Amino acid sequence: MRVQVAIVGGGPAGHLLGQLLYKAGIEAIVLEQRSQDYVLGRIRAGVLEQVTTDLLDQAGVGERLHSEGLVHNGFALGFGGASHRIDLQTLSGGKHVMVYGQTEVTRDLMAARAAEGLQTIYEAHNVSLHDFDSERPRVRYEKDGQSHEIQCDFIAGCDGYHGVSRASVPAGALQTYERVYPFGWLGVLSDTPPVSDELIYANHARGFALCSMRSHTRSRYYVQCALDDKVEHWSDDAFWDELRRRLAPELAERLVTGPSIEKSIAPLRSFVAEPMRFGRLFLAGDAAHIVPPTGAKGLNLAASDVGYLARALTEFYAGSGPGRSAGIDHYSATCLRRVWKAVRFSWWFTSLMHKFPETGGFGQKVQEAELDYLIHSQAAATSLAENYVGLPLESW
Ligand code: RFL
Ligand code: PHB
């Protein structure tokens with residue numbers, strides 16, 4: 001079989017790329033190693049930047065997002081027993097973020113793909129990438145015990161941090177940068193009304209907490225936990241008790257609790273692999289970089305990468321002569337400029353909000369001073385808001 005673009009990985013990056021390419025008249029196939037239900041069962045990000053919602057509109061899947069998504073014009077920083085609002089709209093010149101779960105984004109993209117009769121191979125096993133340093137790359141996979149080969153012009157590696165795409169790049173061609181944080185996030189999803197209309201990021205001497213949501217009736221909460229902690233050690237009651245302790249008293253009193261419908265622990269890591277292109281293989285999303293979730297940049301970066309990639313491939317197929325490869329040639333450097341700014345922001349916000357075992361009372365005091373500065377200095381709050389709503393896409 002032959003297609004223009006083989007997309008490895010059917011998470012949000014792979015599916016969004018598939019739709020953007022389809023809208024541009026470019027033929028692609030998506031290969032996903034898991035089942036559709038498995039992909040939709042992963043509870044992850046919840047906050048979308050305007051750059052991301054614009055790309056989802058461009059992909060033709062904005063309808064449910066705009067009717068069911070919640071527009072958020074601000075969020076709160078909790079510390080010292082009180083909450084302090086960061087007014088995103090005023091500070092960022094009219095921008096906002098949208099609360100709409102990654103699961104729903106992926107569901108909408110999958111539905112649009114199926115409605116157009118576009119091909120996704122779920123449970124594609126032993127995917128392998130070949131000859132991407134030539135003009136005739138190939139991707140092989142197995143499905144139901146049969147081997148298949150796809151010939152293509154380009155391969156998009158959208159297969160996440162543990163995928164095969166980055167691992168296929170020859171050793172020595174890749175430079176990686178990494179920071180592993182000494183804690184994780186314990187997350188709970190529950191069908192209870194959120195404690196507040198807006199998100200609350202709380203710094204507390206016992207550790208970080210985040211109050212988020214998926215809708216007016218579904219809440220998502222997180223507490224910082226030890227790296228070696230286990231979900232089985234946390235009953236629902238123990239989780240709610242710990243969350244209450246980390247919130248301002250009037251919020252703790254208002255918190256509505258209920259049975260968890262999902263509970264999981266995620267480690268926190270910053271990771272970047274450079275470059276993001278090798279010949280005719282492009283890495284996008286978590287395949288190329290990971291950020292800690294403080295600030296909700298992971299999914300948004302995956303979207304901006306594939307936005308750039310769709311633009312580069314569209315220019316390639318629409319153009320003629322050597323100039324048509326300009327976008328392809330600039331893909332990696334253009335993505336990485338935005339990636340590193342989000343890596344910096346997520347690292348900074350993580351450092352500001354979490355309890356670090358090694359910094360002790362001094363570290364806590366410095367964090368409190370910076371938080372106090374943030375809520376009293378328009379300059380500092382503007383920088384936070386500008387990064388939180390998302391930096392603009394660049395031209396090549
Ligand atoms: P994904 O979502 O990991 O999708 C990659 C897809 O590729 C498939 N795959 C393969 N397919 C074929 N062959 C192979 N060899 C393959 N290997 C893997 C996988 O099954 C999967 O379906 O990457 P993508 O599309 O780049 O999207 C990135 C986002 O998912 C990610 O950045 C965010 O979810 C990160 N993240 C969070 N971001 C936020 O902004 N806020 C959050 O609250 C948040 N929570 C999280 C997260 C990431 C987590 N991970 C990765 C463990 C919580 C967790 C637990
Ligand atoms: C979430 O709702 O899952 C969420 C929101 C904001 C973050 C991280 C996660 O910064």
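Counting convention: from 1, in listed order, for ligands and their atoms alike. Computed from a predicted model, the values in this text were never measured in an experiment. We use all heavy atoms of the structure for the numbers below, so side chains are in, but hydrogens, waters and symmetry mates are not.
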- prompt: Which option out of C158, A302, A296, A167 puts a heavy atom nearest to atom 5 (C) of ligand 1?
  reply: C158
- line: Nearest heavy atom to atom 42 (C) of ligand 1, choosing from S212, A13, A45, belongs to A45
message: Could you tell me, atom by atom, which parts of ligand 1 come under 4.0 Å of a heavy atom of A266?
response: 55 (C)
message: Counting only heavy atoms closer than 4.0 Å, does ligand 1 sit against the backbone of Q102, its side chain, both, or neither?
response: side chain
Main-chain N/O of A205 paired with K355 side-chain donor or acceptor, under 3.5 Å: yes
- prompt: Any idea which heavy atoms bring V3 and I150 closest together, and the distance?
  reply: CG2-CG2, 3.7 Å
message: In this structure, does ligand 1 have an atom that sits under 4.0 Å from one of the heavy atoms of H15?
response: no
message: Just to verify, what does S165 make a side-chain hydrogen bond (donor to acceptor under 3.5 Å, both in side chains) with, not counting sequence neighbours?
response: D159
- request: Considering heavy atoms of the protein only, find what lies nearest to atom 7 (O) of ligand 1 and give residue, atom and distance to 0.1 Å.
  value: D159 CA, 3.2 Å
message: I'd like to check whether S212 has a polar contact with ligand 2, where a contact means an N/O of the residue lying under 3.5 Å from an N/O of the ligand.
response: yes
message: Can you tell me which portion of V47 lies within the under-4.0 Å heavy-atom range of ligand 1? Options are side chain, backbone, both, or neither.
response: neither
- request: Tell me which protein heavy atom sits closest to atom 11 (N) of ligand 1, plus the residue, atom name and distance to 0.1 Å.
  value: Q33 N, 3.2 Å
- prompt: Considering only the protein, which heavy-atom contact is closest to atom 8 (C) of ligand 1, and what is its distance?
  reply: E32 OE1, 3.2 Å
- prompt: Would you say K297 contacts ligand 2, with heavy atoms under 4.0 Å as the rule?
  reply: no
- line: Counting heavy atoms under 4.0 Å, the part of R44 that contacts ligand 1 is both
N/O separation below 3.5 Å, Y222 to ligand 2: yes
message: Just to be sure I read this right, does ligand 1 sit under 4.0 Å from the backbone of V127, its side chain, both, or neither, counting only heavy atoms?
response: side chain
message: With a cutoff of 4.0 Å, is Y100 in contact with ligand 2, counting heavy atoms of the residue only?
response: no
task: Would you mind listing which atoms of ligand 2 come within a distance below 4.0 Å of any non-hydrogen atom of R44?
output: 3 (O)
field: Sub-4.0 Å heavy-atom contact, Y161 with ligand 1
entry: no
message: Can a donor-acceptor pair be found, under 3.5 Å and without considering hydrogens, that links the side chain of R166 to the backbone of Y161?
response: yes
field: Geometric N/O contact G295 with ligand 2, under 3.5 angstrom
entry: yes
task: For the residue pair T294 and S346, establish whether any side-chain heavy-atom pair is separated by less than 4.5 Å.
output: no
- request: Mark up the atoms of ligand 2 that fall under 4.0 Å of a heavy atom belonging to L199, in ascending order.
  value: 5 (C), 6 (C)
query: Would V99 count as a contact of ligand 2 if the rule is a heavy atom under 4.0 Å away?
result: no
message: Below 3.5 Å, N or O to N or O, backbone or side chain included: is there any such pair between A296 and ligand 2?
response: yes
message: Does any N or O of ligand 1 fall below 3.5 Å from an N or O anywhere on H162, backbone included?
response: no
- prompt: Mind checking whether P293 has an N or O less than 3.5 Å away from an N or O of ligand 2?
  reply: yes
statement: among protein heavy atoms, the one nearest atom 31 (C) of ligand 1 is D286 OD2, 3.2 Å
field: For atom 43 (O) of ligand 1, closest protein heavy-atom neighbour
entry: Y222 OH, 3.5 Å
task: With heavy atoms only and a cut-off of under 4.0 Å, state how Y122 meets ligand 1: side chain, backbone, both or neither.
output: neither
query: Starting from atom 27 (O) of ligand 1, which protein heavy atom do you reach first, and at what distance in Å?
result: P12 CG, 3.4 Å
statement: Among non-hydrogen protein atoms, atom 6 (C) of ligand 2 lies closest to Y201 OH, 3.2 Å
Ring-face cation contact, F154 with R280, 6.0 Å cut, 45° max: yes
Test of proximity, Y388 against ligand 2: N or O pairs below 3.5 Å: no
- request: Consider only side-chain N and O atoms of R220 and Y222, and report whether a donor and an acceptor are under 3.5 Å apart.
  value: yes
